[in-house]
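Counting convention: from 1, in listed order, for ligands and their atoms alike.
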Amino acid sequence: MPRVVRFHETGGPDVLKLEETAQKSPGAGEIRIRVRAIGLNRAEAMFRTGAYLETPTLPSGLGYEASGIVDAVGPGVTEFAPGAAVSTIPAFSMTKYGMYGEEVIAPIHAVAANPEGLSFTDAAASWMQYLTAWGALVDIAGVGAGDAVLIPAATSSVGLAAIQIARAAGAQPIALSRRSAKREALLKAAPGTDIVFTEEQDVVAEVKRLTGGKGARIAFDPVGGPMVEQLAASLQPQGILFIYGALSPQPTPFPLFAALGKGLTMRGYTLFEVSQDPARFAAGKAYVLSGLANGTLKPVIARHFPLSEIVQAHRFLESNAQIGKIIIDV
Ligand SMILES: NC(=O)c1ccc[n+]([C@@H]2O[C@H](COP(=O)([O-])OP(=O)(O)OC[C@H]3O[C@@H](n4cnc5c(N)ncnc54)[C@H](OP(=O)(O)O)[C@@H]3O)[C@@H](O)[C@H]2O)c1
């Protein structure tokens with residue numbers, strides 16, 4: 001009997017239980033994947049605590065990103081065949097599908113064939129981080145040469161992905177992290193990147209210095225809270241500030257005077273904006289696959305855990321000690 005991770009109540013990492021379940025058959029438009037690697041996301045910890053965009057129906061599975069081998073296909077499915085190496089893309093609701101398990105069912109619109117030679121680890125680490133950053137930076141903001149891009153929580157998986165994408169576009173990524181204790185590790189993960197430590201430095205002055213007085217054109221922020229005032233003050237006229245997460249427990253103000261004075265755009269953003277639009281979804285997938293193939297995109301892996309240590313892995317995820325993606329080996 002395959003084992004899957006479920007929780008029967010919302011709460012801390014300890015609510016996650018590895019349970020044996022009856023094998024499921026894929027329905028129309030679905031495949032079953034024998035999982036080899038799972039990529040963890042902050043969104044799953046938020047879902048587990050009941051503080052995510054959607055509310056779990058208990059008992060609930062969870063997980064957006066798995067990579068493995070197709071094991072069975074549902075009626076009428078011709079896009080994938082048993083034996084193919086695939087990974088899941090977070091383009092579904094965790095109230096319907098969960099990817100933490102030895103065998104999982106996935107809807108085919110949210111499955112990609114793994115590029116030749118890509119490891120299960122890298123495949124499970126790629127889709128959330130690169131597609132999220134691509135949608136905001138490339139698709140919406142049109143990042144390019146001459147742009148400086150502010151990237152708070154730069155040590156996060158999405159932050160490191162954004163650094164790689166900004167750099168691939170010829171832009172200047174400016175990594176923001178809270179404290180300099182992470183300097184060496186961040187530089188190892190993203191060599192040569194300009195870094196500002198938000199709790200130790202004057203963010204606005206540093207960004208001005210690093211951009212020759214111009215300011216940044218884009219801020220890509222998963223934190224929110226009072227820091228958005230400093231991000232807005234660090235942007236150039238007509239700059240754009242994306243808020244794509246809620247890591248700060250504090251309320252997020254609207255930086256009115258900076259927005260008025262400089263004609264700034266401040267907008268919310270989620271990956272689902274891309275995944276629910278077929279044309280943008282296809283363009284984003286093509287970008288990620290080509291970046292993985294030509295080496296401009298290379299996931300940074302923080303640490304591996306076995307599936308039996310899913311509780312410890314979630315604790316590590318919430319410790320904020322990681323630099324990049326946490327992987328569960330199955
Ligand atoms: N909108 C979307 O579609 C979308 C998609 C993917 C992810 N996200 C969001 O993006 C964020 C990063 O996701 P992830 O899975 O890559 O996370 P992660 O790897 O777990 O990111 C952890 C990092 O976030 C920073 N951080 C954590 N709590 C913070 C706080 N209270 N104040 C400031 N910084 C804090 C820390 O960086 P430092 O120690 O370096 O400061 C920490 O190392 C999450 O908020 C997630 O929900 C959104």
Under 3.5 Å, is there a donor-acceptor pair linking the side chains of [X] and [Y]?
{"X": "S67", "Y": "N114", "result": "yes"}
{"X": "E19", "Y": "H8", "result": "yes"}
{"X": "T193", "Y": "R167", "result": "yes"}
{"X": "Y130", "Y": "Q164", "result": "yes"}
{"X": "S180", "Y": "E200", "result": "yes"}

Number the atoms of ligand 1 from 1 as they appear, then name those within less than 4.0 Å of a heavy atom of [X], with their elements.
{"X": "T270", "answer": "1 (N), 2 (C), 3 (O)"}
{"X": "V223", "answer": "32 (N), 33 (C), 34 (N)"}
{"X": "L271", "answer": "2 (C), 3 (O)"}
{"X": "L317", "answer": "20 (O)"}
{"X": "M128", "answer": "5 (C), 6 (C)"}
{"X": "N41", "answer": "15 (O)"}
{"X": "S177", "answer": "38 (P), 40 (O), 41 (O)"}
{"X": "K182", "answer": "37 (O), 38 (P), 39 (O), 40 (O), 43 (O)"}

Just to confirm my output: which protein heavy-atom neighbour is closest to [atom], and how far is it?
{"atom": "atom 14 (P) of ligand 1", "result": "S157 OG, 3.6 Å"}
{"atom": "atom 7 (C) of ligand 1", "result": "V158 CG2, 3.7 Å"}
{"atom": "atom 21 (O) of ligand 1", "result": "S156 CB, 3.0 Å"}
{"atom": "atom 45 (O) of ligand 1", "result": "L247 CG, 3.3 Å"}
{"atom": "atom 35 (C) of ligand 1", "result": "R178 CZ, 3.5 Å"}
{"atom": "atom 15 (O) of ligand 1", "result": "R42 N, 3.0 Å"}
{"atom": "atom 48 (C) of ligand 1", "result": "Y244 O, 3.0 Å"}
{"atom": "atom 25 (C) of ligand 1", "result": "A153 CB, 3.6 Å"}

Problem set entry | Residues, nucleotides or ligands: over 12 heavy atoms within 6.0 Å of E9 CD | no
Exercise. Is the NZ atom of K24 crowded by more than 12 outside heavy atoms at less than 6.0 Å?
Worked result: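 Atom NZ in K24 is not crowded, with 12 or fewer foreign heavy atoms closer than 6.0 Å.
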Problem set entry | Aromatic plane relationship, F316 with F305 - under 30° parallel, 30 to 60° tilted, over 60° perpendicular |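 Taking F316 first and then F305, their aromatic rings sit tilted (interplane angle of 30° to 60°).
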For this session: Look at the aromatic rings of Y269 and F220 and report parallel, tilted or perpendicular, splitting at 30° and 60°.
Result: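 Answer is tilted, since the angle falls between 30° and 60°.
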For this session: Could you see which bit of F272 sits under 4.0 Å from ligand 1, with heavy atoms only: side chain, backbone, both or neither?
Result: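 Answer for F272: neither.
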Exercise. Honestly curious: do L187 and L176 fall in one hydrophobic cluster under the side-chain, below-4.5 Å linking rule?
Worked result: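 No, it is not one cluster - the side chains of L187 and L176 are not joined through contacts under 4.5 Å.
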Problem set entry | Min N/O separation L40 to ligand 1 under 3.5 Å | no
Exercise. Can R34 and D71 be said to form a salt bridge (Lys or Arg N to Asp or Glu O under 4.0 Å), step by step?
Worked result: CA-CA 6 Å; R34 182 118 203 107; D71 185 32; 5.4 Å; no
Exercise. Hey, does S126 have a side-chain heavy atom less than 4.5 Å from the side chain of S87?
Worked result: no
Problem set entry | Heavy-atom nearest neighbour of atom 42 (C) of ligand 1 within options I195, T132, I323, N320 |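 Ranked by closest heavy atom to atom 42 (C) of ligand 1, first place is N320.
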